[in-house]
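One structure is given here, and the rest of the page talks about it.
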Amino acid sequence: MDTRDPSPTTPLPLTRREALAALAAAGGYALSASPIAAQAIKTDSQGLVEGTVRVAGADQTPIPVYEAYPAKEGEFPVIVVISEVWGLHEYIKDVTRRFAKEGYYAVAPELFSREGNLAAETDLQKVLGVVFNAPIERLVGDIRATADYARKQPAARGDRIGVTGFCWGGGITLTFPAFYTDTSAAVAWYGGIKRAQKGDQKPVAALDVAAQVPCPVLLLYGGADQGIPLADVDAEEAALKAAGRTVEKHVYPGVGHAFFADYRPSYNADAAKDGWERCLAWFQKHVKA
């Protein structure tokens, strides 16, 4: 039986102002993910169990979830990886395998399967319309379902869960823990802080819910990011600290947006290496320990 939503919501077109704001928040995306699929694959699956499963999402619609974890005895803490605006393309799967190689049960949900394959979409305006019109309730529900699925698996250590994400996914990383209080730690890579998702009552941005975030947060940002003012990063850090959270901020001077994306020209090897080491250390301390 086909369990897909028979009447998916058509995304509203963005106004010119909204489109410009979304472009900034998305870090000036100009390329579809599809041409870079081959070069995005850098991490093999040797020593891992990996593949794609389908999980009942927020509205019980099955969504694809890519998972990878060590092929050995043990229970591994869960890491949820939240994608950029292009959804679950090969780069995100590769990053998921990187976490699995570090001893985690890593999962990455496809949050836009209801709207089609965004990884192959070349119309940026359409992509941003889909992404920023996706209601926060559905996004949170899909990520919650992904986390709950992973936590129940025999190979997972279900009492420890971290969340991380990149660009748009970095902003969602800062938002999701406020709605999922079991989150043990979060690492946000250059995520938008004031750009809001649509909600039932009002738009919800990361800064709006910082006081409700229950876990330690690591903020990784580029000092020359044209889409995210450092004042916003400072405001997020201050809001988290005011709520009594453990928070660490690291800004890379002269480095732009998407510095970890090693399939894009924005990649900065030094910042990416340092950020990855900080990310792993954060999860080691707050998720594995």
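Atom set for the values below is all heavy atoms of this structure, side chains included, hydrogens, waters and symmetry mates excluded.
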Expected output: side-chain [X] to main-chain [Y] donor-acceptor under 3.5 Å:
| X | Y | answer |
| --- | --- | --- |
| Ser266 | Ala258 | yes |
| Thr96 | Ile92 | yes |
| Arg157 | Lys288 | yes |
| Arg151 | Arg160 | no |
| Asp208 | Ala205 | yes |

Among the clusters formed by ILVMFWY side chains lying less than 4.5 Å apart, do [X] and [Y] turn up in the same one?
| X | Y | answer |
| --- | --- | --- |
| Leu48 | Tyr104 | no |
| Tyr180 | Val107 | yes |
| Val217 | Leu280 | yes |

| message | My understanding is that only one of Tyr267, Trp276, Tyr190 makes a ring pair (Phe, Tyr, Trp, His ring centres under 6.0 Å) with Phe259; could you say which? | response |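 The ring pair (Phe, Tyr, Trp, His ring centres under 6.0 Å) with Phe259 is passed solely by Tyr190 among Tyr267, Trp276, Tyr190.
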| request: Using ring pair (Phe, Tyr, Trp, His ring centres under 6.0 Å) as the criterion, point out the one residue from Tyr221, Tyr252, Phe166 that pairs with Phe260. | output: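 The passing option is Phe166.
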Evaluate the side-chain proximity of [Y] to [X]: yes if any heavy-atom separation is below 4.5 Å, no if none is.
| X | Y | value |
| --- | --- | --- |
| Val81 | Lys93 | no |
| Thr175 | Val204 | yes |
| Phe112 | Asp142 | no |
| Phe132 | Pro203 | no |
| Val65 | Thr52 | no |
| Glu84 | Arg264 | yes |
| Val131 | Leu118 | yes |
| Phe283 | Thr164 | yes |

Separation of [Y] [atom2] from [X] [atom1] (nearest 0.5 Å):
| X | Y | atom1 | atom2 | value |
| --- | --- | --- | --- | --- |
| Lys285 | Leu218 | NZ | CG | 11.0 Å |
| Tyr91 | Ser83 | OH | OG | 11.0 Å |
| Ile136 | Phe176 | CD1 | CZ | 10.0 Å |
| Ile161 | Ile79 | CD1 | CD1 | 8.0 Å |
| Ile82 | Leu111 | CD1 | CG | 7.0 Å |
| Phe179 | Glu137 | CZ | CD | 7.5 Å |

Which heavy atom of [X] sits nearest a heavy atom of [Y], and at what distance?
| X | Y | result |
| --- | --- | --- |
| Ala210 | Leu240 | O-CD2, 3.7 Å |
| Pro70 | Gly103 | CG-CA, 3.9 Å |
| Pro216 | Ser184 | CD-O, 3.2 Å |
| Pro64 | Leu88 | O-CD2, 4.4 Å |
| Gly275 | Trp189 | C-CH2, 3.2 Å |
| Gln197 | Ala134 | NE2-O, 2.8 Å |

Inspect the contact between [Y] and [X] and indicate whether a charged nitrogen and a carboxylate oxygen are less than 4.0 angstrom apart.
| X | Y | answer |
| --- | --- | --- |
| Glu75 | Lys152 | no |
| Asp94 | Arg97 | yes |
| Arg98 | Glu102 | no |
| Asp44 | Lys101 | yes |

| said: Just by distance, no angles: are the side chains of Trp282 and Glu277 close enough, under 3.5 Å, to form a donor-acceptor pair? | reply: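 Side-chain D/A pair, Trp282 to Glu277: absent.
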| request: Could you check Leu219, Val213, Val187 and say which one makes a side-chain contact (heavy atoms from CB on, under 4.5 Å) with Leu174? | output: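 With Leu174 as partner, side-chain contact (heavy atoms from CB on, under 4.5 Å) holds for just one option, Leu219.
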Output a table of donor-acceptor pairs, distance under 3.5 Å, between side-chain atoms of residues 230-237 and any protein atom two or more places apart or on a different chain; print 'none' if there are none.
{"from": "Asp232", "atom 1": "OD1", "to": "Lys194", "atom 2": "NZ", "distance (Å)": "3.4"}
{"from": "Asp234", "atom 1": "OD1", "to": "Lys249", "atom 2": "NZ", "distance (Å)": "2.5"}
{"from": "Glu237", "atom 1": "OE1", "to": "Lys249", "atom 2": "NZ", "distance (Å)": "3.0"}
{"from": "Glu237", "atom 1": "OE2", "to": "Lys241", "atom 2": "NZ", "distance (Å)": "3.4"}

| message | Are Phe76 and Tyr105 an aromatic pair, judged by ring center distance below 6.0 Å? | response |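 No, the ring centres sit 6.0 Å or more apart.
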| query | What do you reckon, are the aromatic ring centroids of Tyr66 and His89 less than 6.0 Å apart? | reply |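 No: the rings miss the under 6.0 Å criterion.
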| said: Is there a side chain to side chain contact (heavy atoms under 4.5 Å, CB included) between His286 and Cys215? Walk through the geometry before answering. | reply: CA-CA 9 Å; His286 297 292; Cys215 63; over 6 Å; no
| said: The test is side chain to side chain contact (heavy atoms under 4.5 Å, CB included); show your working for Arg195 and Ile228 and say whether it passes. | reply: CA-CA 10 Å; Arg195 183 67 168 94; Ile228 304 174; over 6 Å; no
| message | Can you tell me which residue among Glu67, Arg54, Arg144 is in a side-chain hydrogen bond (donor to acceptor under 3.5 Å, both in side chains) with Tyr149? | response |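 It is Glu67, the one option of Glu67, Arg54, Arg144 that forms the side-chain hydrogen bond (donor to acceptor under 3.5 Å, both in side chains) with Tyr149.
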| Derivation of the side chain to side chain contact (heavy atoms under 4.5 Å, CB included) call for Lys198 and Asn133 | CA-CA 6 Å; Lys198 310 268 184 209; Asn133 278 295; 3.0 Å; yes
